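Working notes for the structure below.
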Amino acid sequence: MSKRSLNNTSSNTKAKKSKYWSLGLVDAMKNPDSIVKKTEHCVIIKDKYPKAKIHYLVLPQDNISSIYMLNRSHVKLIEEFGKLFKEIQDEVEVTLRAGFHAVPSMQRLHMHIISGDMVSPCLKTKVHWNSFTTDFFMLFEDVQQQLKENGSIKKISPELHKSLLATELQCNQCLFKPKNMPQLKEHLFIHNK
DNA sequence: GTTCTAGAAC
DNA sequence: GTTCTAGAAC
């Protein structure tokens, strides 16, 4: 092997390693410690960095990268997502929400199931907050309806993506508008005690 | 997705 | 001087 190809191999390996984070969910799906429930077509895992007291992910066993790969053949799969959401909801006292990020960071389709408290040490940034409290969080019911009616999920524009994540901070339980994240987190903590 | 950290904001 | 945010990561 030439010196050049050796160098290429080395840099490719580094590049792969540094970009493999986006496939982290595929590993988590195989990890018994993170698995909550498993069915023929789906797996439910605990989110590794939960943004609320309850935060799970529902994923398909099949290699589907995102909601934008869904078509009419996946209506049954999404119905199972809804069924699993109901099952999790019935196991807890608080109201949960289920939905998808409009622009997901991680490959492999995943539906968030999350409680409304938003109390968690892993909730740190404005992007974290806005990705669960603005329209960036596409509710399961709306995604399911869109898939049934249109046979696909429409992507949001880069402009809308940017503006949703830049939305000014606003409590999800009252009208309070915190100045920064530490203030929001303290406020959420008080809501919960 | 997170981590790290420069420099903005206070 | 300290807190906080936002962008790079080869």
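Chain letters run A, B, ... following the sequence lines, proteins first and then strands; every chain starts at 1. The structure displayed is predicted, hence computed values, not measured ones.
- Within the 4.0 Å cut-off from OP1 or OP2 of B:dT3, at least one side-chain nitrogen or oxygen of A:K124 is found.
- Counted by atom type alone, A:S22 and A:Q107 present one or more donor-acceptor pairs between their side chains at under 3.5 Å.
- Taking the six-membered ring for Trp and the full ring otherwise, A:H55 and A:F132 have centroids separated by under 6.0 Å.
- As a whole-Å value, the separation of A:W129 CH2 from C:dT5 C1' is 17 Å.
- Closest to the side chain of A:H101, from the set C:dA6, C:dT5, B:dG1, is B:dG1.
- When atom types are taken as modelled, the side chain of A:R72 and the backbone of A:S152 share no donor-acceptor pair closer than 3.5 angstrom.
- Checking the phosphate oxygens (OP1, OP2) of C:dC4, no side-chain nitrogen or oxygen of A:K185 falls inside 4.0 Å.
- Note: CG (A:D27) to C1' (B:dT2) measures 15 Å, nearest angstrom.
- Shown here is A:K185, whose NZ atom has more than 12 heavy atoms of other residues, nucleotides or ligands within 6.0 Å.
- Here the nucleotide nearest the side chain of A:N180, chosen from B:dT3, C:dC4, B:dG1, is C:dC4.
- Using a 4.0 Å heavy-atom distance criterion, A:P182 is classed as a sugar-phosphate-only contact.
- The NZ-P distance, from A:K162 to C:dA6, rounds to 12 Å in whole Å.
- Look at CD on A:Q107: it is 12 Å from P on B:dG1, rounded to the nearest Å.
- In this structure B:dT2 sits in a base pair with C:dA9, meeting the Watson-Crick or G-U test at under 3.5 Å.
- For the pair A:F132 CZ and B:dG1 P, the computed distance is 6 Å after rounding to whole Å.
- Following rounding to the nearest Å, A:K179 (NZ) and C:dT5 (P) show an atom-to-atom distance of 13 Å.
- When distances run from any side-chain atom of A:H128 to the nucleotides B:dG1, B:dT2, C:dT5, the shortest one goes to B:dT2.
- Rounded to a whole Å, the CD atom of A:Q183 is 15 Å from the C1' atom of C:dT5.
- Atom CE of A:M29 and atom P of B:dG1 are 16 Å apart (whole Å).
- Within 4.0 Å of A:K51, counting heavy atoms only, lie sugar-phosphate atoms of the nucleic acid but no base atom.
- A donor-acceptor contact shorter than 3.5 Å links the side chain of A:H101 to the backbone of A:S131.
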